[in-house]
Amino acid sequence: MRKELKEKIVNLVSKDFKEVLDLKEKIKVDLPKEEKHGDISTNIAFLLSKPLKKKPIEVANKIKDILEKDKDFEKVEVAGAGFINIFLSKDFYFEFLKKAVQENDEYGKEKEKNKGKINIEFVSANPTGPLHLGHGRGAVVGSTLSNLKDYAGYVVEREFYINDAGRQIYLLGKSVYARFRQIEEPDYPFPEDGYKGEYIKDIAKELYQYEREKIYSMLDEDEAIEFCAEYAKNYLLDEIKKDLKEFGVEFDIWFSEKSLYEHGKVDEAIEFLKKKGLVYEKEGALWLKTTVYGDDKDRVLIRSDGTYTYFAADIAYHYDKYKRGYDYIINVWGADHHGYFPRLKAAVMAFGVPEEWIRVIFIQMVKLFRNGKEVKMSKRSGEFITLRELINEVGKDAVRYMFLTKDSNTHLNFDIDLALKQSNENPVYYVQYAHARIMSVFKEAKQRFGFDVEEDFKADVSLLKEDIERQIMKEIAFLPDLIKETAEKEQPHKLTSITHNLASKFHNYYYHYKFLVEDENLMRARLFLLKAIRSALRTLFKLMGITPVERM
RNA sequence: GGGCCCGUAGCUCAGCUGGACAGAGCAACGGACUUCUAAUCCGUAGGUCGCAGGUUCGAAUCCUGCCGGGCCCA
C-alpha cells in the first residue's frame with residue numbers, strides 16, 4: 001500500500017515539479033514512529049531541494065499545498081528540516097478494517113500466486129540422532145519464511161534433504177550394532193568415534209527384541225552393520241518427522257541423498273557439466289572448474305579411488321532442483337557451512353542460472369546455557385538438549401516465538417533454566433493474552449447482551465474517535481504491507497516485533513476503554529475494531545506457527 | 001594467513017537499501033484491580049550505538065583502518 005501512496009504523491013507533485021520523476025527511486029514513504037509525525041511521511045522535499053536549488057523546507061511547504069487538496073489526505077504538515085507528514089482520512093482506513101474482518105487469519109494474504117515458484121530447503125538434519133536446538137532454530141526460520149513467501153504470493157515448496165548415504169550412516173550402523181552385541185556381551189567394543197547417545201541403546205534394544213535371530217544369523221559383520229544402519233536410519237527419521245510435525249513444521253518434499261546414487265543422478269549431473277567443458281581429470285581424480293565462477297580453487301567430484309565426493313552428490317541434488325524449474329531457491333543452513341557456499345554457488349552457476357538463483361540464509365549457532373555456564377553440545381558424545389525435550393518443557397509456541405525473536409544472523413544464547421522455570425515471563429504469553437482477552441470480551445458480549453460477534457453486524461467506524469483507536473486502525477491498515485516487506489527481505493524475525501507492537505496497542509486500549517458500553521452504536525464500532533484486531537493477530541500467529549489461544 | 005558473522009541500556013536483543021530526541025523485553029524503582037481475565041496498564045531511572053578517520057545538509061546505519069568475541073578454511 002505504501003507503493004500506491006508513493007505513486008499518488010509522486011503523481012500529484014510531478015504536475016508542478018517534473019524533476020521528481022527522475023528521483024522516483026530514492027523517494028521514500030515511511031511510517032513514522034511518533035504519532036505527531038503523521039500517518040505517513042516522505043523525504044521528497046530533501047531530494048527535490050538539490051535540483052530546484054532551494055532549501056528543503058521551502059520545497060516542503062510548496063508540496064504541502066499540493067497534497068492538501070486530496071481527499072485521502074486529511075492533513076499535511078511540514079516539520080523538522082523538511083519532512084512532510086501526512087495524516088490519512090478515516091474512510092481510508094475503514095476499508096482495511098472490513099477486509100480484516102472478512103479474511104480472518106489470512107488477512108491481506110495474496111490470493112494470486114503470481115510471484116513465481118520457489119523452493120526452500122531447511123533443517124535437513126542427518127538421520128543419525130534426534131533434532132537439537134540448532135535444528136529447531138532452522139526449522140522455525142525455514143517454516144516461517146515459507147509461510148511468509150506463501151503469504152506474499154509465491155508458490156512455495158518446502159524441502160528436507162536426507163543425508164542417508166555415506167560415512168555418517170555407516171558409523172550409525174556400527175554404533176547400533178555394538179550396542180546390540182553388548183546386550184549379550186558387555187565387553188563388546190564400542191567404536192571410538194561412534195554415536196554415544198542413549199537413543200542408540202534404545203534402538204539396539206528394539207532390534208534385539210524383534211530382529212535378534214536375523215542379525216545373529218548374518219555371517220558377515222558388515223552385512224549386519226548395514227542392516228542396523230538401515231533400521232536405525234528409518235527409526236530416527238520417523239522420530240525427526242514426528243518432532244517436526246509437533247513443532248508445526250511440514251514439508252512437501254523429503255529428498256533422499258541415496259536415491260541420487262540409485263537413479264544415476266550423480267553421473268547425469270556430471271555428464272551435463274562435462275558437456276559444458278567444465279570437468280577435467282587430474283592426478284587420477286575428476287575435477288569441476290568452480291574457479292570459473294568465483295570459487296577459490298577447483299573441486300574434486302570423483303576421487304582417484306573412484307568414489308564420489310559429498311560435493312558431487314550435492315551438485316546432483318541441485319541439478320535436480322534446477323530441472324524442476326524454480327524461479328529461485330533458498331537454502332537455510334547452519335553458519336558453520338558458510339565456507340561451502342562459494343563452491344556450491346559456482347556449481348549451480350555452471351548449470352547456467354544467474355548468481356541470484358540460489359540464496360542461502362545462515363543460521364548462527366545456538367549456545368546453550370545452564371546454571372550460567374555454557375553447555376557444549378556434541379552429537380557424538382551424546383551430550384545435548386533435544387528439541388523434543390525443550391518443547392515438552394516449554395511448549396511449542398514459546399519455543400517457536402523465542403527462536404523467532406532474534407535475527408538468524410546473530411548468535412543465540414539460550415538460557416535453559418530461564419526457559420524451563422520462568423516460562424511465564426516468555427514474551428509469547430503477552431501476544432497470546434491479547435487474543436485471549438478479545439475472545440473473552442466476545443464471550444461476555446454474548447452472555448450479557450446476546451450479541452454474537454461471529455455473525456456479520458453493522459458498525460459505524462466513524463464513532464471511533466480515540467487516539468488509540470486511530471493508531472490501531474492505522475496499524476491494521478498497513479499490516480499486510482509490512483508483512484510482505486518482511487517476506488521480500490527474508491527476515492522472519494521481524495514478525496515478533498510486529499506482533500508485540502499490535503498486542504501492546506490492544507492491551508493499552510483494553511485497559512483504558514470499555515468495549516461493552518451502554519451506547520450500542522459505540523459498542524458495535526468497538527467490537528468491530530476488536531474483530532479486526534483479532535484477524536490481524538491470527539494472521540500473524542498463523543505465519544509464525546503459534547496457536548491463538550482462547551483463554552489463559 | 002584468508003573468509004563469514006557479531007560488538008547498541010545491568011542482561012537478552014530490535015533498529016542498519018542514511019533522516020526527526022537511539023527502541024523493546026527482562027531486571028530496578030514508584031503507582032493503577034468493587035469494572036470486558038492485573039500473564040495487563042501508566043510512570044521513573046538507565047546508552048561516548050566497540051574505537052578512529054572518511055563520504056553527506058544529515059551516519060547506529062555507507063566506506064576505510066584498528067580492537068574484541070564466535071565460526072569456517074588453509
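Just so it is clear: chains get the letters A, B, ... in the order the sequence lines come, proteins before strands, and each one is counted from 1.
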Check side chain to side chain contact (heavy atoms under 4.5 Å, CB included) between [X] and all other residues, then give those that pass, not counting sequence neighbours.
X	answer
A/T410	A/R137, A/K406, A/D407
A/I118	A/I120, A/K149, A/Y154, A/V156, A/Y328
A/L12	A/K8, A/K15, A/I66, A/L67, A/D70, A/F73

[atom1] gap between [N] and [M], integer Å:
N	M	atom1	value
B/A45	B/G23	C1'	16 Å
B/G70	B/C13	P	15 Å
B/U8	B/U61	C1'	12 Å
B/A60	B/A14	C1'	12 Å
B/G18	B/C62	P	9 Å
B/U56	B/C63	P	16 Å
B/G69	B/C51	C1'	16 Å
B/G15	B/A9	P	15 Å

Fill in: Anti/syn call for B/C33, syn if |chi| within 90°
syn
Worksheet item: For the side chain of A/K406, counting heavy atoms from C-beta on, which of B/C13, B/A39, B/C16 is nearest?
Response: B/C13
Worksheet item: Looking at A/F247, is A/K396 sitting on its ring face, NZ or CZ under 6.0 Å from the six-membered ring centre and within 45 degrees of the normal?
Response: no
Using a cut-off of 4.0 Å on non-hydrogen atoms, how would the nucleic acid contact of [X] be classed: base, sugar-phosphate, or nothing?
X	answer
A/N501	nothing
A/A445	nothing
A/K443	nothing

Set of salt bridge (charged side-chain N to carboxylate O under 4.0 Å, His left out) partners for [X], sequence neighbours left out:
X	result
A/D16	none
A/E68	A/K64
A/K514	none
A/K62	none

Verify the contact: side-chain N or O of [X] to OP1 or OP2 of [N], cut-off strictly under 4.0 Å; return yes or no.
X	N	answer
A/K505	B/A24	no
A/T410	B/A14	yes
A/Y433	B/A39	yes
A/Y401	B/G25	no

Practice prompt. Keeping to residues at least two apart or across chains, list the salt bridge (Lys or Arg N to Asp or Glu O under 4.0 Å) pairs with something in residues 541-552 of chain A.
Written response: A/D105-A/K542, A/E106-A/K542
Worksheet, complete the sentence: Within residues 336-350 of chain A, the residues having a heavy atom closer than 4.0 Å to RNA chain B are A/D336, A/H338, A/G339
Fill in: Stems formed with participation of RNA chain B [Watson-Crick or G-U wobble, under 3.5 Å, three or more pairs]
B:1-7 with B:67-73, B:10-13 with B:23-26, B:28-32 with B:40-44, B:50-54 with B:62-66
Discussion item. Let me confirm one number: the CZ-NE2 distance from A/F506 to A/H435, rounded to the nearest 0.5 Å.
Written reply: 10.0 Å
Show me the side-chain donor-acceptor pairs of residues 355-363 of chain A shorter than 3.5 Å, one per line, residues at least two apart or across chains.
| unit_1 | atom_1 | unit_2 | atom_2 | d |
| --- | --- | --- | --- | --- |
| A/E355 | OE2 | A/K345 | NZ | 3.1 |
| A/W357 | NE1 | A/Y326 | O | 2.9 |
| A/R359 | NH1 | A/E490 | OE2 | 2.5 |

Practice prompt. Indicate, with yes or no, if the rings of A/F403 and A/H493 have centres closer together than 6.0 Å.
Written response: no
Worksheet, complete the sentence: Scoring nucleotides 28-36 of chain B by protein non-hydrogen atoms under 4.0 Å (B base, S sugar-phosphate only, - none) yields ----B--BB
Worksheet item: To the nearest angstrom, how far is A/Y430 atom OH from B/A39 atom C1'?
Response: 11 Å
Discussion item. Using the side chain to side chain contact (heavy atoms under 4.5 Å, CB included) definition, which of the options A/L404, A/D397, A/T405 pairs with A/Y401?
Written reply: A/T405
